[in-house]
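Only one structure is covered here, and it is reproduced in the block below.
In this text the structure is predicted, and so the values were computed from the model without any measurement. Every chain is numbered from 1, with letters handed out A, B, ... down the list of sequences.
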2 protein chains.
Amino acid sequence: MTRNEAVAPYCYSHPHPAVTTDVVLFTIREETLQVLLVRRRNAPFAGQWALPGGFLDPAEDLITCALRELAEETGITDVYLEQLYTFGRPDRDPRGRVISVTYYGLAPADRLTLKAGSDAKQTAWFPYGALPPLAFDHREIVDKAHERLVAKLEYSTIAFQFLPAQFTLSELQEVYEIIRSEPLDKRNFRKWVLARNLIEETGAQRRNGSHRPAKLFRTKYPGRVEIIR
Amino acid sequence: MTRNEAVAPYCYSHPHPAVTTDVVLFTIREETLQVLLVRRRNAPFAGQWALPGGFLDPAEDLITCALRELAEETGITDVYLEQLYTFGRPDRDPRGRVISVTYYGLAPADRLTLKAGSDAKQTAWFPYGALPPLAFDHREIVDKAHERLVAKLEYSTIAFQFLPAQFTLSELQEVYEIIRSEPLDKRNFRKWVLARNLIEETGAQRRNGSHRPAKLFRTKYPGRVEIIR
DNA sequence: CCAAAAGTGTTGTTTATACACCCATGT
DNA sequence: ACATGGGTGTATAAACAACACTTTTGG
């Protein structure tokens, strides 16, 4: 945020904050809940890990900005994002006043191919339980996203966003167990999810090792998060 | 949003949107859910009803801005506000790019004395079911706030924000009935709320007409909204 | 004594919890 | 044949839903 008018042609009669979006993208890999981070190349916090995000373009929607920054910095596209919260403490960015509209989202591990281009920031998944120190107030943002994720698991179809189009009931149960960090009874879980009428058998099975094959299911509400109960 | 540098000394190297806060304040009066609106004096939408709100000051928190604008435009202070959502469609304000961080809140009818000063905007309560046409995308904001209010009623102590420090069980039930717009069984409601251990008898009673007096209760969590269930 | 809102219990139904064994497959 | 994860039912407890009369007061 500069006031050098020679190189700063965007002028207003009263001060305007900058607006950014930041994204907390979760996935489940290696039986843990993980968060996508990028390493900052520039000051402030150069070299530190941070959430993918960046400044809002003049004519783009907030969600478009979030998706664009995610794609540019990590190569990930076509994920489900939902607005989380807007952070605006006056001192949250040492460069000046920056308002961050944050989004969180989920992606199935199989859909995630991180960008490998030479100009890409360094990008990596970290277990939610073992995050490195984060730039700005990004730790606070991640914690808020996690709180929302845990809450929404109970009363929405958000869990399906972690899974591919077809999945087994054991995989679905694992999602619930990892996010709630507690084991669930297999029979009761199956009763619960089937009673809610959210999924249906595809007819196909998955043979996956030296044991009985698992039936494959699909959600009846693909691509959309519904409120249940 | 001007680019005339003579009267616009706040300059940046890339375009910055303006940031506002807007507030959806609910109350219950005359057995209906009502929303606080102000009549706009200036273009755009001069003369139309709108939510109280305005531009963020350079060094103030978002919630501080919301409370300040509410106080300046309506005279109402000390209400509970919670961040609702951030609206940022590029065309939502004809003056240019404006991001609105919105809050919603509740206030007991007895605490609401609208500002009467000469420079005050015209301020009034409208039933949620009979709102006038609103400026900008404010109708969308009110609807989102209503949706959140209905949802939070079920799993938080938000209802107490509509009531004074001491209240009767009938008054509490009326809050639930009005927001959910359906009648509730008196015995089941009392069992439900008492089982949750959220309120306690004050010992006092209210004599209120030619009928049996009602016991007065207070919340065990005054001033704070807790998640229940 | 009448009107008006406050207060109070029981029963049936639905939903949640606890718990252990057989099934289909690959090696 | 055995190891592995997939699949299934029943019994108990808790929560919810339906429903009507008595109490206390003011006039």
For the base of [N], is there a side-chain donor-acceptor partner from [X] under 3.5 Å away?
X       : N       : result
R229(B) : dA15(D) : no
K191(A) : dT10(D) : yes
N208(B) : dA5(C)  : no
K186(A) : dG7(D)  : yes

Legend entry - side-chain N/O R187(B) vs dG7(C) OP1/OP2, d < 4.0 Å: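 Checking dG7(C) against R187(B), no side-chain N or O comes under 4.0 Å of OP1 or OP2.
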Legend entry - Distance below 4.0 Å between S170(B) side-chain N/O and dA5(C) OP1 or OP2: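 For dA5(C), OP1/OP2 do not have a side-chain N/O of S170(B) under 4.0 Å.
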Inset, instruction - Provide, to the nearest angstrom, the distance between the CD atom belonging to Q205(B) and the C1' atom belonging to dA6(C). - result: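 Q205(B) atom CD is separated from dA6(C) atom C1' by 10 Å.
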Inset, instruction - Would you mind reading off the distance between R212(A) atom CZ and dT25(C) atom P, rounded to a whole angstrom? - result: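 Rounding to the nearest Å, CZ of R212(A) and P of dT25(C) are 8 Å apart.
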Inset, instruction - From the options dG9(C), dC16(D), dA24(C), select the nucleotide whose nearest atom is closest to the side chain of P213(A). - result: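 Among dG9(C), dC16(D), dA24(C), the one nearest the side chain of P213(A) is dA24(C).
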Inset, instruction - Output the single nucleotide from dG7(D), dA6(C), dT8(C) whose closest atom is nearest the side chain of K215(B). - result: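 The nucleotide sitting nearest to the side chain is dT8(C).
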Inset, instruction - Please lay out, stage by stage, how W125(B) and T32(B) fare under the test side chain to side chain contact (heavy atoms under 4.5 Å, CB included). - result: CA-CA 11 Å; W125(B) 293 101; T32(B) 55; over 6 Å; no
Inset, instruction - Just say parallel, tilted or perpendicular for the rings of H146(B) and Y128(B), cut-offs at 30° and 60°. - result: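 Aromatic pair H146(B)/Y128(B) classed parallel.
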Legend entry - Whether Y85(B) and F87(B) hold their rings parallel, tilted or perpendicular, with breakpoints at 30° and 60°: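 Ring orientation, 0 to 90° scale: perpendicular.
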Inset, instruction - Have a look at R207(A) and say if it touches a base, only the backbone sugar-phosphate, or nothing, with a 4.0 Å heavy-atom cut-off. - result: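 The residue R207(A) makes no contact with any strand.
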Legend entry - 5′-ward residue of the pair R196(A)/D185(A) relative to DNA chain C: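 That would be R196(A).
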Inset, instruction - Please answer whether the main-chain N or O of G105(A) pairs with a side-chain N or O of Q161(A) as donor and acceptor at a distance below 3.5 Å. - result: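 Flag not set: sc Q161(A) to bb G105(A) has no pair under 3.5 Å.
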